[in-house]
Amino acid sequence: MSGEHASSTISAEVRHVESLLEARGLLEPGEIDTRIDEFAAKGSPANGARIVARAWTDPGFAERLLADANAAIREVGLTMAGGIQEQRLKVVANGVGADGTEEHHVVVCTLCSCYPIALLGPSPTWYKSEAYRSRVVRDPRGVLREFGLVLPDSVAISVWDASAESRYMVLPRRPDGTDGLSEEQLAGLVTRKGLIGTAAV
């Protein structure tokens, strides 16, 4: 079964179940679409930036974020629940790993475009493109270079593949010279590309 055919079959089955629930009065007509639209409207890269800024200024929060991101983001009033089921969030931190190697992380969804909309807003067109989805796995350094992010050969690059159940977000390194900035000012430095890993911050 091709991916496109499987997707259309699943869509038809979901619509059928939705129709049955509406017919029995368990759902208002169009309620699921409304909930999804409301959820997407609340999603913004500013949410991810807030999380990063908190992690940069609060080491305890950063530790909790890396251990259990779903629980930690609730501390700043955010959630990965999309009205139906909470997705698992894993945050991966750029920096020096346990073995002393410099690490950089980048996120992709090789099957479609799974992505933490609640924290990063609607996914960019390039994230959904077949070119990005296939090439970043095979040649992450080359793809990052095309985004303007040139990493030394000494930096290890890890590619994280999102799925329907799990989403990933990158915790960028805090830029040098930002010690005097407030949490709000730090959040203003964080970009959506930084949260995906195609930019340094």
Side-chain angles (χ1 to χ4, degrees), residues 44-76 78 80 87-110 114-121 123-124 126-127 132-163 165-201:
S44 165
N47 292 335
R50 281 176 48 214
I51 293 167
V52 168
R54 176 66 59 86
W56 283 346
T57 57
D58 182 343
F61 176 76
E63 188 175 316
R64 294 190 296 278
L65 182 67
L66 297 175
D68 185 348
N70 286 71
I73 66 173
R74 291 190 201 106
E75 296 178 31
V76 292
L78 296 170
M80 287 294 290
Q87 298 154 342
R88 177 179 174 270
L89 176 67
K90 169 83 173 160
V91 174
V92 288
N94 290 343
V96 179
D99 63 356
T101 302
E102 185 80 15
E103 297 177 329
H104 182 87
H105 302 280
V106 62
V107 179
V108 67
C109 177
T110 55
C114 295
Y115 173 91
I117 293 173
L119 307 182
L120 277 69
S123 57
W126 56 262
Y127 183 85
Y132 175 77
R133 291 187 291 119
S134 61
R135 290 187 55 230
V136 76
V137 175
R138 295 192 322 266
D139 181 23
R141 199 173 300 277
V143 171
L144 294 181
R145 191 179 304 115
E146 291 173 17
F147 277 94
L149 180 59
V150 180
L151 298 172
D153 290 342
S154 59
V155 175
I157 302 174
S158 296
V159 179
W160 297 85
D161 194 0
S163 69
E165 296 79 25
S166 298
R167 304 290 194 266
Y168 295 92
M169 187 182 88
V170 175
L171 174 60
R173 289 189 76 157
R174 182 172 176 165
D176 294 335
T178 59
D179 291 347
L181 298 184
S182 68
E183 194 171 308
E184 185 177 352
Q185 290 171 320
L186 288 169
L189 302 177
V190 182
T191 68
R192 180 168 59 179
K193 286 182 180 177
L195 298 168
I196 296 171
T198 54
V201 180

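- Counting only heavy atoms from C-beta outward, the side chains of Pro116 and Leu195 never approach each other to under 4.5 Å.
- The nearest pair of heavy atoms linking Leu171 to Leu66 is CD2-CD2, 4.4 Å.
- Judged purely by atom type and a 3.5 angstrom limit, Tyr127 uses its side chain to pair as donor or acceptor with the backbone of Cys114.
- To the nearest 0.5 Å, the span separating OG on Ser166 from NZ on Lys90 amounts to 10.5 Å.
- Val159 approaches Pro140 most closely through the heavy-atom pair CG2-CB, 3.8 Å.
- Between the Trp56 side chain and the Pro172 main chain, a donor and an acceptor come within less than 3.5 Å of each other.
- No side-chain donor-acceptor contact under 3.5 Å links Asn94 to the backbone of Ala200.
- Distance check: Thr191 OG1 to Leu120 CG gives 9.5 Å after rounding to the nearest 0.5 Å.
- If you take NE2 on His104 and CG on Leu151, they are separated by 5.5 Å, rounding to the nearest 0.5 Å.
- Contact detail for Glu103 and Val155: the closest heavy-atom pair is C-CG1, 4.2 Å.
- No donor-acceptor pair under 3.5 Å is formed between the side chain of Thr101 and the backbone N or O of Gly97.
- For the pair Asp68/Arg64, no side-chain contact is recorded, criterion being any heavy-atom separation below 4.5 Å from C-beta on.
- Between Leu149 atom CG and Ile157 atom CD1 the span is 7.5 Å, to the nearest 0.5 Å.
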For this session: Walk me through it: do Trp126 and Ile196 pass the test side-chain contact (heavy atoms from CB on, under 4.5 Å)?
Result: CA-CA 12 Å; Trp126 56 262; Ile196 296 171; 3.8 Å; yes

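- Nearest heavy-atom pair, Asp161 versus Cys109, reported as atom, atom and distance to 0.1 Å: OD1-CA, 3.4 Å.
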For this session: Please test Ile73 against Leu65 for side-chain contact (heavy atoms from CB on, under 4.5 Å), starting from the C-alpha separation and ending with a verdict.
Result: CA-CA 7 Å; Ile73 66 173; Leu65 182 67; 4.0 Å; yes

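- Between the side chain of Arg192 and the backbone N or O of Ala49, no donor-acceptor pair lies under 3.5 Å.
- Side-chain atoms of Ile51 and Met169, non-hydrogen and from C-beta on, do get closer than 4.5 Å to each other.
- Between Val106 and Thr198, the closest side-chain pair of non-hydrogen atoms falls below 4.5 Å.
- With rounding to the nearest 0.5 angstrom, the CG atom of Asp139 is 8.0 Å from the CD atom of Glu146.
- Within the model, atoms CD of Glu165 and CD of Gln87 stand 9.0 Å from one another, a figure rounded to the nearest 0.5 Å.
- Nearest heavy atom pair, residue Leu189 against residue Pro175, reads CD1-CG, 4.3 Å.
- Around atom CD of Glu63, no more than 12 heavy atoms belonging to other residues, nucleotides or ligands sit under 6.0 Å away.
- Using a 4.5 Å heavy-atom threshold, the side chains of Arg141 and Asp153 count as touching.
- Note on ring orientation: taking the six-membered ring where Trp is involved, the planes of Tyr168 and Trp160 are tilted (angle from 30° to 60°).
- Between Val201 and Arg173, the shortest heavy-atom distance links the atoms CG2-O, 3.9 Å.
- A salt bridge does not link Arg54 to Glu75: none of the charged nitrogens lies less than 4.0 Å from a carboxylate oxygen.
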